[in-house]
Amino acid sequence: MVDLAQWLETHLNTLTEVAVVQLSQDENLKIQVVTTVETFYTSLIKTCLENSILPLNSILRDWVKSRSGPTETQSASLVPLLATLKSVVWNQIQEACPADQAVFLLTEIDGIFTEAVIFLSGIESEALIEDMRSRLHKAQAHVKRLDKSKSNFIAVAAHELRTPLTLVEGYADMVANSQSMTEDAQLPLLMEGISSGTKRLREIINDLIDVSLLDLKLMELHFQPVWLLQVLNAAERSVSKLLVNRSVELVIERQTIPVNPTFADPDRLLQAAQKVLMNAVKYTPDGGKIAVRARDLPGFTDITVEDTGIGIDPSNLPHIFDSFSALGDASLHSSGKTKFKGGGPGLGLPIAKGIIEAHGGTIWAESEGYNEQTYPGSIFHIMIPMYTTTPDDMI
């Protein structure tokens with residue numbers, strides 16, 4: 001390639017001048033463009049003399065790293081810039097050389113630029129992937145910070161709400177025990193309403209704190225031998241009044257529940273079971289049925305809670321365990337825990353999921369779809385590890 005190198009060196013100034021005109025019309029940028037173009041063509045000459053593409057590749061790699069090629073605006077790719085520099089050389093060879101010499105030089109220059117384009121495309125793809133990976137990492141870190149800030153805010157807000165709520169409860173108790181209660185027939189009814197409202201508010205506050213504890217992985221579990229049938233019996237008793245109010249039948253197939261204990265936190269496990277049962281009651285119409293049964297799996301017990309309710313749309317299945325993801329019309333939201341289709345803060349299932357996962361288990365739901373006429377129902381699977389000793393790496 002000595003002939004090509006000699007020709008390029010002879011016409012270096014002309015090539016540079018023509019390329020600069022094509023690449024930039026801004027007088028302020030021309031000095032930078034001139035330097036960059038001269039460096040490129042000098043490397044091209046060195047590539048021809050050494051019969052190695054490495055000098056040219058080195059320049060291209062520097063361009064990609066700095067993204068400061070000799071153009072007025074930074075494009076998505078530097079390949080068009082390379083094409084312009086090739087076009088300048090191509091046109092000058094055609095204008096300045098006889099036909100036989102031009103064919104020879106054009107063939108050689110085309111081979112060099114082809115290799116250069118392939119190399120440039122490859123390193124640009126690598127740079128793009130690395131940039132996307134870096135952006136994704138930053139985005140994930142930002143989301144993680146936001147999630148932690150949200151959890152911290154919820155925890156602080158919930159604790160702050162507890163103080164005025166305690167005052168309301170205290171004064172309400174004072175009124176309830178005062179002589180006025182026997183003198184005014186309406187006061188007991190009013191106090192019952194206040195008591196019911198404050199009790200529900202405290203439950204919501206406690207749920208907010210539990211969600212933040214689970215998000216921050218600060219919930220403490222106290223492991224001890226636990227019999228799952230006892231947990232389910234206790235959960236049944238806790239929702240019995242709700243079942244009567246809604247005329248919903250709960251059937252626990254006790255013969256399917258394992259008799260061997262596992263190691264778990266009984267209070268938290270009961271809380272998770274209550275949340276799933278109350279969710280089933282809420283989305284099952286009056287007169288419906290909820291069935292609870294279990295099956296043994298290697299190392300786990302799969303407890304299923306199957307209802308004859310309105311079901312879950314497939315598009316919503318991945319989101320029902322997300323915090324504050326209560327589905328449905330906002331106008332249906334109610335302070336009642338089990339009003340049919342009554343929306344809530346969307347904390348019950350996330351808390352259940354967090355508790356089960358903190359034990360090393362998992363929970364998911366399946367449904368044929370959402371239909372308020374045919375009631376396809378839903379099945380919730382609660383996979384509980386059957387530990388024989390206290391696990392050491394749980395929350």
Side-chain angles (χ1 to χ4, degrees), residues 19-20 22-26 28-44 46-47 52-88 110-154 211-212 214-218 313-325 327 346 349-350 353-354 357-358 362-365:
V20 168
Q22 292 191 21
L23 291 170
S24 178
Q25 302 299 320
D26 190 333
N28 295 324
L29 293 176
K30 279 191 175 181
I31 295 178
Q32 179 183 353
V33 173
V34 167
T35 302
T36 305
V37 171
E38 282 183 345
T39 302
F40 174 81
Y41 283 135
T42 300
S43 297
L44 180 59
K46 191 174 180 180
T47 288
S52 170
I53 197 67
L54 293 180
L56 199 57
N57 286 352
S58 178
I59 293 297
L60 298 178
R61 192 179 293 279
D62 289 341
W63 281 4
V64 171
K65 286 182 179 180
S66 63
R67 303 301 287 180
S68 58
T71 55
E72 292 177 321
T73 58
Q74 182 174 310
S75 62
S77 172
L78 294 171
V79 172
L81 168 61
L82 199 59
T84 298
L85 295 173
K86 175 186 176 181
S87 175
V88 170
D110 185 68
I112 294 174
F113 272 96
T114 297
E115 286 189 57
V117 168
I118 293 173
F119 177 77
L120 178 60
S121 299
I123 60 175
E124 280 190 331
S125 296
E126 293 174 2
L128 179 60
I129 292 172
E130 184 60 32
D131 180 64
M132 292 176 65
R133 189 178 290 119
S134 175
R135 289 172 182 266
L136 179 59
H137 177 73
K138 290 178 180 178
Q140 289 174 334
H142 181 62
V143 170
K144 188 175 181 179
R145 286 195 299 270
L146 289 178
D147 283 342
K148 187 172 182 180
S149 298
K150 178 200 71 176
S151 298
N152 287 332
F153 170 77
I154 292 172
V211 165
S212 63
L214 288 166
D215 286 344
L216 298 172
K217 300 189 181 302
L218 296 176
D313 188 280
S315 63
N316 289 328
L317 279 173
H319 308 294
I320 60 174
F321 293 101
D322 296 338
S323 298
F324 306 102
S325 64
L327 308 174
L349 291 180
K353 178 176 184 288
E357 290 183 348
T362 186
I363 182 173
W364 76 93

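Keep in mind that the numbers below use all heavy atoms, side chains included, and drop hydrogens, waters and symmetry copies. Nothing fancy with the numbering, it's 1 onward along the sequence.
Taking CZ from Arg133 and CG from Leu128, the interatomic distance works out to 10.5 Å, rounded to the nearest 0.5 Å. The structure places CG of Asp131 at 4.5 Å from CZ of Arg135, a figure rounded to the nearest 0.5 Å. Summarising the geometry, atom CD belonging to Glu357 is positioned 8.0 Å from atom NZ belonging to Lys217; distances are rounded to the nearest 0.5 Å. Rounding to the nearest 0.5 Å gives a distance of 8.0 Å between CD1 of Ile53 and CG of Leu44. Expressed to the nearest 0.5 Å, how far OG1 of Thr42 lies from CD1 of Ile59 amounts to 8.5 Å.
Annotation: side chain of Leu85 is in contact with side chain of Tyr41 (closest heavy-atom distance under 4.5 Å). With a 4.5 Å cut-off on side-chain heavy atoms, Glu124 and Val79 count as touching. Under the 4.5 Å side-chain criterion, counting only non-hydrogen atoms from C-beta, Leu82 is in contact with Leu60. Two residues are said to be in side-chain contact when any heavy atoms from C-beta on lie closer than 4.5 Å; Met132 and Leu136 fail this criterion.
Heavy-atom contacts from other residues, nucleotides or ligands closer than 6.0 Å to NZ of Lys86 number more than 12.
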Handout entry: side-chain contact (heavy atoms from CB on, under 4.5 Å) between Trp63 and Leu120, intermediate numbers included
Key = CA-CA 9 Å; Trp63 281 4; Leu120 178 60; 5.7 Å; no

Exercise for the section: Decide side-chain contact (heavy atoms from CB on, under 4.5 Å) for Thr47 and Asn57; before the verdict, give the C-alpha distance in whole Å, the side-chain angles of both, and the deciding distance to 0.1 Å. Expected result: CA-CA 9 Å; Thr47 288; Asn57 286 352; over 6 Å; no

Practice task
Apply side-chain contact (heavy atoms from CB on, under 4.5 Å) to the pair Val34 and Glu38, showing each step before the final yes or no.
Solution key: CA-CA 6 Å; Val34 167; Glu38 282 183 345; 3.9 Å; yes

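One N or O on the side chain of Ser125 and one on the backbone of Ser121 form a donor-acceptor pair closer than 3.5 Å. Side chain of Thr114 to backbone of Asp110: a donor-acceptor contact under 3.5 angstrom is found. Under a 3.5 Å cut-off, the side chain of Ser58 and the backbone N or O of Leu54 do not form any donor-acceptor pair.
Shown here for Leu317 and Ala365, the closest heavy-atom pair between the two residues is CD2-O, 3.8 Å. Here the closest non-hydrogen pair linking Ala127 and Val64 is CB-CG1, 3.7 Å. Counting all heavy atoms, side chain and backbone alike, Leu214 lies closest to Pro350 at CD1-O, 4.4 Å.
Ring planes of Phe40 and Phe113: tilted class, angle from 30 to 60°.
Shown here are the side chain to side chain donor-acceptor pair (under 3.5 Å) partners of Ser315, two or more places apart in sequence or in another chain: Asp313.
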